[in-house]
Amino acid sequence: LSLFDAVNAIESAVFAASLQTSGALNKVTGKVEQMIEAAELREGMNVLEPSAGWGHIAEMIRDAGVDPEVVELSGDRRELLEAKGFNVVGSDFLETSGQYDRILMNPPFSDRRDAQHVQHAYSLLRPDGRLVAIMGEGVFFGQDKKAEAFRNWLEEVGGTSEKLEEGSFLDPSLPVNTGVNARMVVIDKPAGQAAPVDTENTGPGSQANDGRITTADKAIYGMASEGK
């Protein structure tokens, strides 16, 4: 049995075993090229693709000339990713550490997990790093505390969002289809900016370069600690 046949067999078994209930979109046909273009990948960069699923986005990153590290919660899908030759560096993305030049991601949308995943991804960016994410539309107009805190945080870090065409994911070639509207978010981490580490003695006027978090970050972390 060739490696190609083995990968196809694993992928077929994974597809038959699961119809994807996590809310993540593991193959975004026609939009991944847009993500890769926005990421401005270059040879030698350290790139991460969390919640990698079947590896479709990771494969296109590889085709662009950079071999990404990947994270995936499902054991079956981790096996598939390893069979495809990817370096699987973790299972739970929220427990993943490291520093990356680029992070391209399509996190799960439900329960504002996309916001939580994007915020964690930002903490893993190196200075001058860039994050490109597909997020659900809900977090951009929701009135709940998580959505409001995320929008405040996104504004503070200078992130941008672009609404994607409705029905972008209604493609019969996809393993899973959804009518959820989405946006592409791009965030750059300024040169010299460290990841937020200090949750005490912060307030308006705190500077990113001194290791403190912003007011919006503090609110987000406080919500997380309260289980909201």
Side-chain angles (χ1 to χ4, degrees), residues 1-29 31-33 35-36 38-111 113-126 129-136 169 174-176 178 184-185 187 189 195:
L1 188 67
S2 69
L3 177 60
F4 177 81
D5 291 334
V7 169
N8 280 343
I10 295 172
E11 191 162 22
S12 297
V14 171
F15 176 73
S18 171
L19 290 180
Q20 171 97 18
T21 58
S22 68
L25 306 168
N26 283 321
K27 186 179 181 183
V28 190
T29 299
K31 297 302 176 185
V32 180
E33 293 90 346
M35 294 176 68
I36 291 175
E40 298 181 355
L41 300 175
R42 296 191 298 273
E43 185 178 353
M45 282 184 167
N46 194 16
V47 178
L48 177 69
E49 207 274 272
S51 303
W54 297 10
H56 299 295
I57 294 176
E59 287 174 322
M60 296 188 72
I61 295 171
R62 175 187 279 168
D63 290 343
V66 181
D67 211 17
E69 296 183 347
V70 299
V71 176
E72 172 53 40
L73 190 61
S74 163
D76 288 339
R77 290 173 184 165
R78 286 199 303 274
E79 181 182 358
L80 172 62
L81 292 164
E82 289 171 349
K84 289 182 174 183
F86 290 109
N87 180 19
V88 181
V89 297
S91 56
D92 186 344
F93 173 56
L94 296 179
E95 296 181 358
T96 299
S97 59
Q99 290 287 282
Y100 296 91
D101 300 299
R102 296 289 189 269
I103 300 177
L104 287 80
M105 61 192 303
N106 177 209
F109 292 176
S110 62
D111 195 29
R113 285 185 293 167
D114 48 353
Q116 185 180 22
H117 281 226
V118 166
Q119 289 160 0
H120 180 62
Y122 184 79
S123 75
L124 305 183
L125 281 180
R126 289 174 174 162
R130 175 172 293 181
L131 185 161
V132 181
I134 300 296
M135 300 185 66
F169 309 114
L174 300 182
V176 180
T178 177
M184 185 174 74
V185 172
I187 310 173
K189 176 170 282 189

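Heads up: numbering here begins at 1 and tracks the sequence. All values below were derived from every heavy atom in this structure, side-chain atoms included, with hydrogens, water molecules and symmetry-related copies excluded.
Nearest approach of R42 to V66, heavy atoms of both residues: O-CG2, 3.6 Å. In plain terms, the two heavy atoms of L81 and G55 that are nearest each other are CD2-CA, 3.5 Å. A58 approaches P68 most closely through the heavy-atom pair O-CG, 3.8 Å. E72 and R77 get closest at one heavy-atom pair: CG-CB, 3.6 Å. Taking each heavy atom of H117 and P107 in turn, the nearest pair found is CB-CB, 3.7 Å. Among all heavy-atom pairs drawn from P50 and I103, the shortest one is CD-CG2, 3.9 Å.
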Report task. Would you check, one step at a time, whether the test side chain to side chain contact (heavy atoms under 4.5 Å, CB included) holds for V118 with M135? Result -> CA-CA 9 Å; V118 166; M135 300 185 66; 3.7 Å; yes
Requested in this report: Test L125 against I187 for side chain to side chain contact (heavy atoms under 4.5 Å, CB included), laying out the working first.
Outcome: CA-CA 10 Å; L125 281 180; I187 310 173; 5.5 Å; no
Report task. Might you work through the side chain to side chain contact (heavy atoms under 4.5 Å, CB included) test for Q116 and L94, ending with a clear yes or no? Result -> CA-CA 8 Å; Q116 185 180 22; L94 296 179; 3.6 Å; yes
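Looking only at distances, no side-chain donor or acceptor of D111 sits under 3.5 Å from a matching main-chain atom of R113.
Distance CG/L104 to CZ/R130: 10.5 Å, rounded to 0.5 Å. The line from CD of E49 to CD1 of I57 is 4.5 Å long, rounded to the nearest 0.5 Å. Interatomic distance, E59 CD to W54 CH2, rounded to the nearest 0.5 Å: 11.0 Å. Taking CE of M105 as the start and CG of D114 as the end, the distance is 8.5 Å to the nearest 0.5 Å. How far CZ of R102 is from CD of E40: 6.5 Å, rounded to the nearest 0.5 Å. From D101, atom CG reaches atom CG of L131 across 12.5 Å, with rounding to the nearest 0.5 Å.
Between V32 and H56 the shortest side-chain heavy-atom distance does not fall below 4.5 Å. Considering only heavy atoms from C-beta on, V89 comes within 4.5 Å of L48 through its side chain.
Under the 30°/60° scheme for interplanar angles, the aromatic rings of H120 and F93 are found to stand perpendicular.
Because its NZ or CZ atom is both nearer than 6.0 Å to the ring centre of F86 and within 45° of the ring axis, R62 counts as a cation-pi partner of that residue.
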